[in-house]
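The shown structure was predicted, so the numbers you read here are calculated from the model rather than taken from an experiment. Heavy atoms only: backbone and side chains are in, while hydrogens, waters and symmetry mates are out.
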Amino acid sequence: MAVAEPTTPTLRELTLRGILLGGAITLVFTAANVYLGLKVGLTFATAIPAAVISMALLRNFANHSIVENNIVQTIASAAGTLSAIIFVLPGLIMIGWWTGFPYWITVAVCAVGGILGVMYSIPLRRALVTGSDLPYPEGVAAAEVLKVGDSSGGVEENRVGIRVIAFGSLVSAGFALLANLKVLANYVAAYFRVGAGGSMFGASLSLALVGVGHLIGMTVGIAMLVGLVISFGVLLPIRTIGTFGTDESVADVIDGVFVHEVRFIGAGAIAVAAVWTLLKILRPIIKGIREALTSARDRRQGQLVDITQRDIPFPIVVGIAVAMLIPIAVLLWDFSHSTVLHGSSTGIIVASVVFIFIIGLVIAAVCGYMAGLIGSSNSPISGVGILTVLIAALLIKLVYGPTSDDGSLALVAFTLFVAAITFGVATISNDNLQDLKTGQLVGATPWKQQVALVIGVLFGSAIIPPVLDLMQRAFGFLGAPGATDHALAAPQAALISSLAKGVFGGSLDWSLIGLGAAIGVVIVIVDEILTRTTRFGLPPLAVGMGMYLPMSLTLIIPLGSLLGWFYNKWADRTGGKVERKKRLGVLLATGMIVGESLYGVVFAGFVAGTGSDDPFAIFTGNDGTLAEVLGVIGFAAVLMWLYKRPQKISSVEPPASSHF
């Protein structure tokens, strides 16, 4: 390898003040994410809000830098993302195995899974970030936020960029606020019969989703739209034939079939697409590992390696990953030793450790790829959780053999515990590569950012258990013993625990997953034909995600892709500073994501503080058709206004004279 001189000036990067600030932001964002995830099954990406807050605070200190701000958002992002562990752990409460969340055990589950996920993401950086053209919408958005807020950049150009981001943010947050005030609706839905069956139409009027669509581009947007058509145009009408009775409304029947049948078909398609994607990226991954080993060897021999290519040395990465297996084995032994499994659990402990080690690497690559496609917020991480718990349950059932009813319940609990650790790997990998993409775009040092990721995992691991325990004592979980009327739904945990019980009880409908797998095979074949014979493609994972996710997401993201495509065509057609015009479009999309994300943090805080689902609701009677009509009209008008502003700004010279 040729000697490379450092190309990035030495800047303050991994600092104590940055770590402490990242930890402080973590406390707020992680708590908000845990509450929101348990209540409605959704979490928000914390990288962009953390970057905004970091810039606002660190600019008051001397010698602050863009890469130091990047470290802050990396820590907060890793910790906030780890809160997705709530999609599994409450299942242990729901099946009656736990009555609370033991602090140190829960900390350990989060920490070992999270650290293993960080280690797995390091060799993936070269394959999926620096050596890939994946869009990484949130990673790009976070980098744009950091760039325009960096005073060391072009001052006039940054001033314009800040205006565009601020404009998009304020409009996005304002629209979300209007929806929470009940001035207009931010979601429209309609259910209808299709012959003997039925289907639905749904759209979340979210400017953040439009921004994500703009950033991911048309190829992924179209693939998601294809998945939507398969699920809602074909599968749902067929699967609902003969299911309409007199006791349930059309909406309840259609929603039930989608959640309990169509989503499992989508999960099967994701499984096939994930395996195929892994096979395709295997060569770049191996190449990335070789380059990491070469870089480490060059540094040991005294050669200079560009700081933007310095990962944590690969032997250390492997050593830490292997070392994590020891506390994992101890956790599994501790979990089983006081149960009916004690004395016959050695086999399933060994099998589970191997499962976590191998499957963890697989899902790290797949989740990283999915996040690169459509962003970590919109990545169907619960779909990965479904596949993980299914494989773990089958393996544990096979290794353990026949058992009694008490033994079956213990095996279900053990499976959920194994899945929780593996899920920690998945959630972190789903976010880490976004952060590393941001780092690449702002000139960060990879090994310092990777250390920050581990620090973020430790912060998150310390905060999540008491928040979970507080939620359990204050509200309880729907379906759990002693749950109250105000119990939190924790929808993913309920689904995953039901799946585990279905495997051990023999009640799971495997034909649904098999049908999805068959559809996935067809999609892979179509994609291969398209990519080999045309300039188009149909990314199988994006199609699978379009099948699995609700229409409210999969319709608006492609809309954003289409708007971004039209905007870029306008930039090409009008000429001039084309790249500057396109960058303003990226900054506008970034602002839409930033505004709604920051507003989401504030809103979650008010929900938690007041205990009300709608703490801002003023026009409480406006929740019918009028609100939906106002929402659609307002959404369309706002989008037209938003996209006209960067067009107007880009036509004004010099940039300093641009005004909103």
For S206, enumerate each residue passing the side-chain hydrogen bond (donor to acceptor under 3.5 Å, both in side chains) test, keeping only those at least two apart in sequence or located in another chain.
E596
Contact check, side chains of L228 and M547, non-hydrogen atoms, under 4.5 Å:
no
Interatomic distance, L209 atom CG to S172 atom OG [nearest 0.5 angstrom]
9.5 Å
Measuring from atom CG of L395 to atom CG of L390, what distance do you get when rounded to the nearest 0.5 angstrom?
12.5 Å
How about V503 and T415: do any of their side-chain heavy atoms sit closer than 4.5 Å?
no
Under 3.5 Å, is there a donor-acceptor pair between the side chain of T531 and the main chain of E528?
yes
The side-chain contact (heavy atoms from CB on, under 4.5 Å) partners of I633 (sequence neighbours excluded) come to V629
So with a 6.0 Å cut-off around CH2 of W641, is the heavy-atom count from everything else above 12?
no
Any idea which heavy atoms bring S231 and V262 closest together, and the distance?
OG-CG1, 3.6 Å
Side-chain heavy atoms of L555 within contact of F201, under 4.5 Å
yes
Show me the pairs that pass side-chain hydrogen bond (donor to acceptor under 3.5 Å, both in side chains) and involve residues 389-400, at least two apart or across chains.
S344-Y400
Residue list, side-chain contact (heavy atoms from CB on, under 4.5 Å) with A413, at least two apart or on another chain
L92, I95, W97, F335
Please report the interatomic distance OG1(T534) to CG(L530), rounded to the nearest 0.5 Å.
4.5 Å
Interatomic distance, I265 atom CD1 to I270 atom CD1 [nearest 0.5 angstrom]:
12.5 Å
Heavy-atom side-chain contact between T388 and F355 under 4.5 Å
yes
Would you say T554's side chain and M224's backbone share a donor-acceptor pair under 3.5 angstrom?
no
What pairs with F616 under ring-ring contact (aromatic ring centres under 6.0 Å, His included), at least two apart in sequence or on another chain?
F603, F606
Are the side chains of L89 and W98 in touch, meaning some heavy atoms are under 4.5 Å apart?
yes
Residue pairs passing the ring-ring contact (aromatic ring centres under 6.0 Å, His included) test with at least one member in residues 211-241, sequence neighbours excluded, are H214-Y643, F232-F258
Please name the residue in the list V210, L630, N186, V188 that meets the side chain to side chain contact (heavy atoms under 4.5 Å, CB included) test with F635.
V210
By side-chain hydrogen bond (donor to acceptor under 3.5 Å, both in side chains) - contacts of T219 (at least two apart)
none
Backbone of S204 reached by a side-chain donor or acceptor of S552 within 3.5 Å:
no
Please tabulate, for the side chains in residues 562-569, all donor-acceptor contacts under 3.5 angstrom to protein atoms that are two or more places apart in sequence or on a different chain.
residue: Y567; atom: OH; partner: K581; partner atom: O; Å: 2.7
residue: N568; atom: ND2; partner: G564; partner atom: O; Å: 3.3

Under the side-chain contact (heavy atoms from CB on, under 4.5 Å) test, residues paired with I525 that sit two or more places apart:
V521, I529
Going by the rule salt bridge (Lys or Arg N to Asp or Glu O under 4.0 Å), which residues pair with E261 if we only count those two or more places apart in sequence or in a different chain?
R239
Are M200 and D255 side-chain neighbours, meaning at least one heavy-atom pair lies under 4.5 Å?
yes
Take I519 and V543 through the side chain to side chain contact (heavy atoms under 4.5 Å, CB included) test and state the conclusion after the steps.
CA-CA 10 Å; I519 294 173; V543 177; over 6 Å; no
Decide yes or no for V183 and F175: does some side-chain heavy atom of the first lie under 4.5 Å from some side-chain heavy atom of the second?
no
Determine the minimum heavy-atom distance between I556 and A203, stating which atoms define it.
CD1-CB, 4.0 Å
Any non-hydrogen side-chain atom of L538 less than 4.5 Å from a side-chain atom of F536?
no
Search all heavy atoms of A500 against all heavy atoms of V389 and return the closest pair with its distance.
CB-CG2, 4.2 Å
Report the residues that fulfil side-chain contact (heavy atoms from CB on, under 4.5 Å) with V250, sequence neighbours left out, ordered by chain and then residue number.
Y191, R193, F244, I254
Could you state the interatomic distance from CD1 (I230) to CG (L225), rounded to the nearest 0.5 Å?
10.5 Å
For V418 against S352, the heavy-atom pair lying closest together
CG2-OG, 3.6 Å
What closest approach, in Å, do G198 and T240 show between heavy atoms, and which atom pair accounts for it?
N-OG1, 2.8 Å
Give the C-alpha distance, both sets of side-chain angles, the deciding distance and a yes or no for side chain to side chain contact (heavy atoms under 4.5 Å, CB included) between L416 and S497.
CA-CA 7 Å; L416 291 176; S497 57; 4.0 Å; yes
Nearest non-hydrogen partners of S561 and G221, listed with the distance
OG-CA, 3.7 Å
Measuring from I363:CD1 to I359:CD1, what's the distance to the nearest 0.5 Å?
8.0 Å
With sequence neighbours left out, the residues meeting salt bridge (Lys or Arg N to Asp or Glu O under 4.0 Å) with R535 are none
